[in-house]
Amino acid sequence: MLLRASSQSEGRSVALESVTTDAVDPGIEHGRWLRDLTEAAIRADWTHLAQLRTQAAAVMGEQQVVDALTVAAAFNGITRVADATGVPLDPYTAATTADLRRSTGIERFAYGEKSARYD
């Protein structure tokens with residue numbers, strides 16, 4: 001369910017609700033930059049993304065910005081393939097992620113609107 005490195009919090013508290021709530025500090029290094037870069041990329045806000053890339057690279061480093069955007073693009077693609085093919089959330093994952101999906105607000109996403117925005 002988690003990627004190898006993402007499951008290692010090193011004793012830090014990570015605010016998962018920061019994924020869907022800008023006012024919440026993620027609690028990870030460069031978390032706000034990562035969220036803002038990802039959001040601009042997923043929304044195809046290219047002008048804002050170009051500005052953010054320059055600003056974030058000054059703080060995080062160019063390679064970390066490239067890595068973050070590569071991961072965001074990959075996950076967006078994987079999600080679109082799963083949605084397009086109708087791959088359902090398996091029962092085990094649905095049960096073990098119920099609280100996570102509720103606390104982050106992920107269940108509020110309207111996939112029909114998402115498809116209309118990008119198609």
Side-chain angles (χ1 to χ4, degrees):
M1 195 168 13
L2 293 173
L3 299 176
R4 178 183 48 81
S6 68
S7 64
Q8 300 169 3
S9 66
E10 299 174 7
R12 293 185 309 251
S13 177
V14 177
L16 295 176
E17 62 275 12
S18 69
V19 172
T20 54
T21 307
D22 290 347
V24 175
D25 182 0
I28 61 171
E29 185 177 17
H30 309 305
R32 290 184 189 267
W33 286 113
L34 295 170
R35 182 187 54 226
D36 292 349
L37 286 163
T38 301
E39 186 72 23
I42 299 305
R43 291 190 182 276
D45 188 349
W46 308 126
T47 302
H48 188 213
L49 180 60
Q51 295 167 348
L52 285 171
R53 280 192 344 248
T54 301
Q55 294 167 346
V59 176
M60 298 170 48
E62 185 73 28
Q63 188 60 55
Q64 283 187 307
V65 171
V66 170
D67 291 349
L69 290 171
T70 301
V71 171
F75 272 84
N76 186 49
I78 291 166
T79 301
R80 298 223 356 132
V81 168
D83 291 347
T85 58
V87 175
L89 192 59
D90 66 271
Y92 175 78
T93 302
T96 58
T97 63
D99 289 339
L100 170 76
R101 289 181 286 113
R102 191 172 26 263
S103 70
T104 60
I106 289 173
E107 292 182 334
R108 294 189 317 256
F109 292 150
Y111 286 100
E113 289 178 28
K114 182 178 173 184
S115 291
R117 185 171 66 199
Y118 295 113
D119 292 337

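FYI, side chains are in, hydrogens and waters are out, and symmetry mates aren't considered; it's all heavy atoms of this structure.
Cluster annotation: I78 and V71 are assigned to distinct hydrophobic clusters (Ile/Leu/Val/Met/Phe/Trp/Tyr, side-chain heavy-atom contacts under 4.5 Å, transitive).
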Which pairs of donor and acceptor atoms, one on a side chain in residues 48-56, lie under 3.5 Å apart (sequence neighbours left out)?
| residue | atom | partner | partner atom | Å |
| --- | --- | --- | --- | --- |
| T54 | OG1 | A50 | O | 3.2 |

Show the atom names and distances, to 0.1 Å, of all donor-acceptor pairs under 3.5 Å that link a side chain in residues 31-40 to residues at least two apart or in another chain.
| residue | atom | partner | partner atom | Å |
| --- | --- | --- | --- | --- |
| R32 | NH1 | D22 | O | 3.3 |
| R35 | NH1 | S18 | O | 3.2 |
| R35 | NH1 | V24 | O | 3.1 |
| R35 | NH2 | D22 | O | 3.1 |
| T38 | OG1 | L34 | O | 2.8 |
| E39 | OE2 | R43 | NE | 2.3 |
| E39 | OE2 | R43 | NH2 | 2.9 |

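Shown here are the side-chain contact (heavy atoms from CB on, under 4.5 Å) partners of A98, two or more places apart in sequence or in another chain: R101, R102. Qualifying side-chain contact (heavy atoms from CB on, under 4.5 Å) partners for V66, counting only residues two or more places apart in sequence or in other chains: E62, Q63, T70.
With values rounded to the nearest 0.5 angstrom, D90 atom CG is found 8.5 Å from T97 atom OG1.
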